[in-house]
Amino acid sequence: MLTDILITTLINASVYAMLATGFSLIFGVARIINLAHTAFYMLAGYFIFSFTTVLGLGLLPAMLLSIALVVVIAVLSYRILIDPMREHEAAVLIITVALAMVFQELMLVFYGGHFRSVPQLVSGYVTVLGVRVSSQYVVTIGALVAILAAVWLVLMKTRLGLAIRATAQDREIANVMGMDVSLISTVTMAIASAQAAAAGALVAPLFILEPRMWLYPLTIVLAIVVLGGIGSLKGSIIASAIIALSETLVTFLLPSGAFLKGAFSLGVMIVVLLIRPEGLFGVSFEGER
Amino acid sequence: MDSAFFEIEGLVKRFGGLTAVDGVSLSVDMSEVVGLIGPNGAGKSTLVKLAMGLLRPDRGSIRFRGREITGLPPWEIVNLGIAGTFQNTRPFRRMPIIANVMVPCLAPRARKRGEWVKRIEAKARDALEFAGISDLALEPASHLSHGDLKRLEMARAIATEPDLLILDEPFGGLNPSESELLAKSIKRLHKGGRFGRLHSEGVAMIIIDHKLSDLLPIVDRVIVMHFGRVIASGLPQEVVNDPQVIEAYLGREEVEGDGHPA
């Protein structure tokens, strides 16, 4: 059971970390709360379903194509709908929720409310700590961790990453330093949505697809970002692990109360925030000016 | 002359009922160092923000090398060759000093195609060297003293190798020896030459201060603002004796004084 807990925690933690770091990035750089973020995750799953079962593509090409398509949709939504309203925070919230709802309803129209599933990328089992684990789990975890590491490296070691971090810290000053902040925001949107789509694509073979599957992760991502400290990527990753672990523990130790996992993890968040209102790695809202 | 190097014409900026900049026209020639002085609230800093594209004017136009730059976003203005420092220093607090200076080195103006991070870092180091804080390169920006922050601002501004440098109160809060050092590096920058990988060719400057004494040894010409208008312009000695200027400063502080009331 320990191995099961470990594997489930790792899967959920890495999915949440992918979603939450993307959410944090676009929040930091463009100063928008993108409530449609996890809808991109849902879209990627459905695109893979369409490409494999409807068009008969192989799983791997279907995954890559889906991620690319989601990025295009996300960037267009950002440029056309979100960026012009960027300064009006409430409007951005409404627009992004509306966007997520539109995606959800479109999936309902095309695929109905049925549970769908996607074939696995790899079959067979491997033995981890004496327990047989489906290879798909291992591949998913490995790929998620690799992508997270790649995003981290881009942010910390490249010119683009420096530009993104500078813009996230102080958009106005980055602008006065000659950074095209509008372009950087668009690129960040592409990275964040690619992360969400990749997370969706990688878990699609493990999870069940349904049009409302964006809502629960969204709640959890919001909790993680607040728990980790707004604007801290390290905080988001650690908070993802905490929330995923508490979810898994509830599910495994209290199987009849599995529906409480969300409530329990939000409870954990509230307790931490009572002790540290700025979140684990928050910067206690130091003035940007 | 067909068109001035940098030219502001009939610029107006209102904040609610307050007209911060009220029909300002001025021009700066290539390689000229102009001091812009005026009592607090004269509209100097607003003028800088307008010139850098951080604020949009209600009326009037700003031209740089004959090109209309009014309404352009700040980053485009920077890439055309204007850089500025601001009265309130705002470093990227959660980055080391060197990364702070690497950011402007990323601007399209400053970088060559395919340049590696290493080379950008070297260039940033040269800017820090020029500003005199290269020994602090790896410190986080949040640890800097006020004087060093001012130097960091300077390093960030010259990193794009601008043709026009606008310095807003660069001497503010500096002690006499720090002021002297800064004045020296401003002169050195204006004289031009190579500073490591950075190149300066007699950069034109607008230096803002609320008193003239710091500027006297540096500037070619002085423009005086009061209540959003330009009330005098000319050689430093002429301006000091201008009755309107004396009137504007009367009861506040001497034009040449050290900030204490006369």
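Within every chain, numbering begins at 1; the chains are lettered A, B, ... in the order of the sequence lines, protein sequences first and strands thereafter.
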Q.
I'd like to know whether L162(A) forms a side-chain contact (heavy atoms from CB on, under 4.5 Å) with M95(B), so could you lay out the CA-CA distance, the side-chain angles of the two residues, the decisive distance to 0.1 Å, and finally the verdict.
A. CA-CA 10 Å; L162(A) 182 61; M95(B) 285 187 187; 4.1 Å; yes
Q: Quick one: which of L54(B), N100(B), I77(B) has the most heavy-atom pairs under 4.5 Å with chain A, could you say?
A: L54(B)
Q) Around R276(A), counting heavy atoms of other residues, nucleotides and ligands shown, do more than 12 lie under 6.0 Å from its CZ? A) yes
Q: Output the option from D180(A), T167(A), V181(A), L160(A) having the highest count of non-hydrogen pairs under 4.5 Å with chain B.
A: D180(A)
Q) What distance separates R119(B) CZ from R159(A) CZ, expressed to the nearest 0.5 Å? A) 11.5 Å
**Q.** For I173(A) against F92(B), the heavy-atom pair lying closest together
**A.** CG2-CZ, 3.7 Å
Q.
Give me the atom names and distance for the closest heavy-atom approach of A163(A) to L106(B).
A. N-CD1, 3.8 Å
Q: Answer yes or no: does atom CD of E129(B) have more than 12 heavy-atom neighbours from other residues, nucleotides or ligands under 6.0 Å?
A: no
Q) Which heavy-atom pair separates V78(B) from M177(A) by the least distance, and what is that distance? A) CG1-C, 4.1 Å
Q.
Does E139(B), at its CD atom, have more than 12 non-hydrogen atoms belonging to other residues, nucleotides or ligands within less than 6.0 Å?
A. yes
(Q) Please classify the contact of S182(A) with chain B as side chain, backbone, both or neither, using a heavy-atom distance under 4.5 Å. (A) neither
Q) Is chain A contacted by the side chain of M102(B), its backbone, both, or neither, given a heavy-atom distance below 4.5 Å? A) both
Q: Please report the shortest heavy-atom distance between G178(A) and P108(B), naming the atom on each side.
A: O-CD, 3.6 Å
